[in-house]
Amino acid sequence: MDIAKQLETEFSLKPWQVENTVSLIDDGNTIPFIARYRKEATGSLDDQLLRELSDRLNYLRNLEEQKEKVVASITEQELMTDEILASIDAAKTMTELEDIYRPFRPKRKTRASVAKAKGLGGLADEIFAQEVNSPAPEVLAEKYLSDEVETIEDALQGARDIIAESVSDDPKGRKLLRYAIKKSGIITVKGAKEDLGVYEMYKEYSEPVSKIARHRVLAINRGEKEDYLKVSVEYDKNLAVDMLVNLHKKNNSPCAEQVFEAIDDAYTRLIFPSIEREIRNELTDIASESSIKVFGENTRQLLMQPPVKGRVTIGLDPGYRTGCKVAVVDETGKVLDTGVIYPAPPHKKIDEAKKIIKNFVAKYGVTLFAIGNGTASHETEEFAAETIKEIGGKIEYMVVSEAGASVYSASKLAAQEFPQFDVSLRSAVSIARRLQDPLAELVKIDPKAIGVGQYQHDMPQKELNSALDGVVEDCVNSVGVDLNTASPQLLSRVAGISGAVAKNIVDYREKNGSFKSRNQLLEVNKLGPKAFEQCAGFLRVAESDNVFDNTAVHPESYKAAKGLLKLCSVSDDDVRQGNIAMLSAKLKIEGTSALAAELGIGEPTLVDIVSELSKPGRDPRDELPRPMLRSDIMSIDDLKEGMQLKGTVRNVIDFGAFVDIGVHQDGLVHISQITNRYIKHPSEVLKVGDIVDVWILGVDTKKNRISLTMKNPK
């Protein structure tokens, strides 16, 4: 297989794009670096496509490696033919290759191998040959009787076992049946218990294999795993056996009935159970891949939520018996004070709690509350809203997902960061910080624990972890990291920086003070030229005398950037003060192509340099819609059908989206209620963090469910 050609076709790329991209990957360059600083080589491919191409490259290379092993094995057995070699070369998937290799794979003990050991291989060949003038199979069997084969029926049974395995191993039959069952098979689900709980809808359920929704595949898999459901694939056996008969039964010879019995056995005992497993595994793989993509995209949007900058914040980690933990953090996330209040049952020390919060607000100039959405969140939100009213002034709050906060607060990392605080106080700090800067705080937590997907625990964990790690890495590098304030966890997500090197950077910073330039990175232990090349452009040094050090301009392009400023008569101070109108004017007059050629760089690099110099130290998240902050509260009892509200999308899944409308319980917008046009997936319209207008379709206070629509009912 020509892997490069295959990648060109699958990704609709030009040969030079594939050649350059593969070369860059093989040379050990990181995806963020390639996406940002090698645009000329790749044709400006983005990080997501580059990751997909890299994954596919690995798959195809593994396939070629496996082909070599299969060829070697069959050749060693002296069974290789030109036809087999051609079919191996043409195989496009591991499944196709496995079908070809099946007859030659060394087998464990089977009914067929036992029969062959008894010397019945010749009888099987004679029967399977189905000669028109052949004697009756019973006559053929007589000469194979022995101490191990005592009766005619024993001999015929052994021969049928050998034929059945041969039919099962035939790649043509398997390919034909696999296609037919995928196209016309039915997934059937039955309840395995009286009380099915959340799986009640699957008590008696069936759906075509070709049409079953991906989220349903994962749901029934989980129900089966928890012993609530029994799941199977059904297909008309008569049709299947007829297909195999057409392939293997030659005529109406005396041996035809024996061959038919063997084919029937092959399908029932060997082929169908195997294909059923394959199909279910494939459905699961497709569903998992889809869910991983949804999870990754949701995580991307969550991490890229705009930070709420410049505000002293109180983090509230709600609780009943143990009280609500309070942490006050300044504009940079530094902890100023902590405490515990008891505004919720069973204590309900509301006046005392208000006094503590009001003192914190007055003492530290607090203007924002971040409230965790866990246990006792609703009571804490009511308390916060009431306290804000009494204080007056411009104080706002937001209910923040505390998913993963407990995981973080109990971690070794949190203990190192806050050895003086107990677990719950660390959680309050994390809640405050994730509102101030979601990305910087959430990188400390396993992405799976953030909880913005569906069935994440049922997915292949290696693939899920790899995808989410890629998302986190892309987000961190697209935003950029302050070299002098970033935590080791944030630094370790920068392209080219390992966990050990991130720790060395922090150690260097603590020993020598703030970095004064990017070049100082080369003094950090174990951070060599290659790592510097990969990471430098993503690290910001606001304190540097070199204005480029606080931009995404890579050090390799500093000479060109200086040349550009000189051509446009723009000074470093002009850049710092935003007086760079001449840059854009020069670009318009001379044209991107001519100016890039004059500076000796590519056009994409020139465009990026101009963009960066127009906003040194810029945070791309600042250009996104601001988070929706509140100062008052509503109850689910206040909701009425047809009521219009604004809400924040908290999670996007296959069948819809959950929207926070400020009543503690998120409402569901079903995919059919998102837009008037047909969409395959909610992510075509919505992403996590979007502020949307919704209308109440229905409220079930007993089940605490809210149905929403985004279609204006008027």
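When reading the values below, keep in mind they use all heavy atoms of this one structure, side chains included, and skip hydrogens, waters and symmetry mates. Quantities reported herein were computed from a predicted structural model and do not represent experimental measurements. Numbers for residues simply follow the sequence, beginning at 1.
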Please collect all ring-ring contact (aromatic ring centres under 6.0 Å, His included) contacts where either partner lies in residues 472-518, sequence neighbours excluded, each pair once.
Y508-F515
If you count heavy atoms of other groups shown closer than 6.0 angstrom to NZ of K355, is the number above 12?
no
Closest non-hydrogen atom pair between V326 and I357, with its separation
CG1-CD1, 4.1 Å
Salt bridge (charged side-chain N to carboxylate O under 4.0 Å, His left out) evaluation trace for D469 with R493:
CA-CA 9 Å; D469 284 344; R493 297 291 191 170; 3.2 Å; yes
Taking only Lys NZ, Arg NE, NH1 and NH2, and the carboxylate oxygens of Asp or Glu, determine whether D660 and R650 approach each other closer than 4.0 Å.
yes
In the structure I gave you, are the side-chain heavy atoms of T675 and E684 within less than 4.5 Å of one another anywhere?
no
Cut-off 3.5 Å, side chains only: do S611 and D608 have a donor facing an acceptor?
no
Test salt bridge (charged side-chain N to carboxylate O under 4.0 Å, His left out) applied to K358 and E390, step by step:
CA-CA 9 Å; K358 287 175 181 177; E390 292 180 11; 2.7 Å; yes
Other residues, nucleotides, ligands: >12 heavy atoms within 6.0 Å of R576 CZ:
yes
Do the side chains of D47 and R36 get close enough for a salt bridge, i.e. N-O under 4.0 angstrom?
no
Evaluate whether atom NZ of K363 has more than 12 neighbouring non-hydrogen atoms of other residues, nucleotides or ligands under 6.0 angstrom away.
no
Mind telling me whether F655 and F658 have parallel, tilted or perpendicular rings, with 30° and 60° as the class edges?
perpendicular
Donor-acceptor contact below 3.5 Å, side chain K325 vs main chain T322
yes
Any chance you could measure K394, atom NZ, to L368, atom CG, to the nearest 0.5 Å?
14.0 Å
Go through it in stages, so that I can follow the logic: the residues are Q673 and T709, the test is side chain to side chain donor-acceptor pair (under 3.5 Å), and I'd like the CA-CA distance, side-chain angles, deciding distance and then a yes or no.
CA-CA 5 Å; Q673 295 297 325; T709 181; 2.7 Å; yes
State, to 0.1 Å, how close I653 and P682 come at their nearest heavy-atom pair, and which atoms those are.
O-CG, 3.1 Å
Determine the minimum heavy-atom distance between V501 and L527, stating which atoms define it.
CG1-CD1, 3.8 Å
Gap separating the CG atom of N512 from the CD atom of E510, nearest 0.5 angstrom
10.5 Å
Which heavy atom in L425 sits nearest to a heavy atom in G339, and how many Å separate them?
CD2-O, 3.7 Å
Quick one: closest heavy-atom pair of L629 and M398, and the distance?
CD2-CB, 3.7 Å
Ion pair check, K687 and D690, cut-off under 4.0 Å
yes
Within this structure, what is the CD-CZ distance for the pair E612 and F548, rounded to the nearest 0.5 Å?
11.5 Å
With respect to L708, which candidate in L639, L668, I661, L697 satisfies the side chain to side chain contact (heavy atoms under 4.5 Å, CB included) definition?
I661
Ionic contact status for E297 with R300, cut-off 4.0 Å
yes
Can you pull the ring-ring contact (aromatic ring centres under 6.0 Å, His included) pairs that have at least one residue in residues 359-416, sequence neighbours excluded?
H378-H664
So does E386 pair up with K354, basic N to acidic O under 4.0 Å?
yes
Would you kindly say whether S424 and D422 are connected by a side-chain donor-acceptor distance under 3.5 Å?
yes
Could you please spell out the steps behind the salt bridge (charged side-chain N to carboxylate O under 4.0 Å, His left out) verdict for E402 and R434?
CA-CA 9 Å; E402 59 182 66; R434 62 173 62 188; over 6 Å; no
Is it true that K503 and D507 have a side-chain N and a carboxylate O under 4.0 angstrom from each other?
yes
Are any of the side-chain heavy atoms of L565 and S571 separated by less than 4.5 Å?
no
Beyond-backbone contact of I580 with M582, side-chain heavy atoms, under 4.5 angstrom:
no
Side-chain donor/acceptor pairs under 3.5 Å, residues 436-447, sequence neighbours excluded:
{"residue": "Q436", "atom": "NE2", "partner": "R311", "partner atom": "O", "Å": "3.0"}
{"residue": "Q436", "atom": "NE2", "partner": "T313", "partner atom": "OG1", "Å": "3.4"}
{"residue": "Q436", "atom": "NE2", "partner": "D330", "partner atom": "O", "Å": "2.9"}
{"residue": "D437", "atom": "OD1", "partner": "L439", "partner atom": "N", "Å": "3.4"}
{"residue": "D437", "atom": "OD1", "partner": "A440", "partner atom": "N", "Å": "3.4"}
{"residue": "D437", "atom": "OD1", "partner": "R621", "partner atom": "NH1", "Å": "2.8"}
{"residue": "D437", "atom": "OD1", "partner": "R621", "partner atom": "NH2", "Å": "3.4"}
{"residue": "E441", "atom": "OE1", "partner": "K444", "partner atom": "NZ", "Å": "3.2"}
{"residue": "E441", "atom": "OE2", "partner": "S430", "partner atom": "OG", "Å": "3.2"}
{"residue": "K444", "atom": "NZ", "partner": "E417", "partner atom": "OE1", "Å": "3.3"}
{"residue": "K444", "atom": "NZ", "partner": "E417", "partner atom": "OE2", "Å": "3.0"}
{"residue": "D446", "atom": "OD1", "partner": "K448", "partner atom": "N", "Å": "3.1"}
{"residue": "D446", "atom": "OD2", "partner": "K448", "partner atom": "NZ", "Å": "3.2"}

Any chance you could lay out the side chain to side chain donor-acceptor pair (under 3.5 Å) test for E543 and N484, step after step, and finish with the verdict?
CA-CA 9 Å; E543 297 80 0; N484 285 320; 2.7 Å; yes
Do D654 and S290 have side chains that approach each other closer than 4.5 Å (heavy atoms only, starting at C-beta)?
yes
Ion pair check, K516 and D549, cut-off under 4.0 Å
no
Looking at R626, I want to see if its CZ is surrounded by more than 12 non-hydrogen atoms of other residues, nucleotides or ligands under 6.0 Å.
yes
Output all residues satisfying salt bridge (Lys or Arg N to Asp or Glu O under 4.0 Å) with K711, sequence neighbours left out; order by chain, then residue number.
none
Once rounded to the nearest 0.5 Å, what's the spacing between atom CE of M304 and atom SG of C475?
5.5 Å
Filter on side chain to side chain donor-acceptor pair (under 3.5 Å), then keep only pairs touching residues 692-703, sequence neighbours left out; what's left?
K646-D693
Side chain proximity check, V494 to I497, heavy atoms < 4.5 angstrom:
yes
Sidechain N-carboxylate O distance under 4.0 Å for D474, R51:
yes
Point-to-point distance, once rounded to the nearest 0.5 Å, from CD of E463 to CG of N465:
9.0 Å
Euclidean distance, S401 OG relative to L302 CG, rounded to 0.5 Å
7.0 Å
Looking at every heavy atom in both V541 and L483, which two are closest together, and how far apart are they?
CG2-CD2, 3.7 Å
T551/V575 under side-chain contact (heavy atoms from CB on, under 4.5 Å): CA gap, chis, key distance, verdict:
CA-CA 11 Å; T551 70; V575 174; 5.8 Å; no
Using atom types as modelled and distance alone, determine if a side-chain donor or acceptor of R426 lies under 3.5 Å from a backbone N or O of A410.
no
Report yes if the side chains of K293 and H681 come closer than 4.5 Å at any heavy-atom pair, otherwise no.
no
Pairs in or reaching into residues 305-343: which pass ring-ring contact (aromatic ring centres under 6.0 Å, His included), with residues at least two apart or in two chains?
Y342-H347
Could you check if a side-chain atom of T485 sits within less than 4.5 angstrom of a side-chain atom of T332, using non-hydrogen atoms only?
no
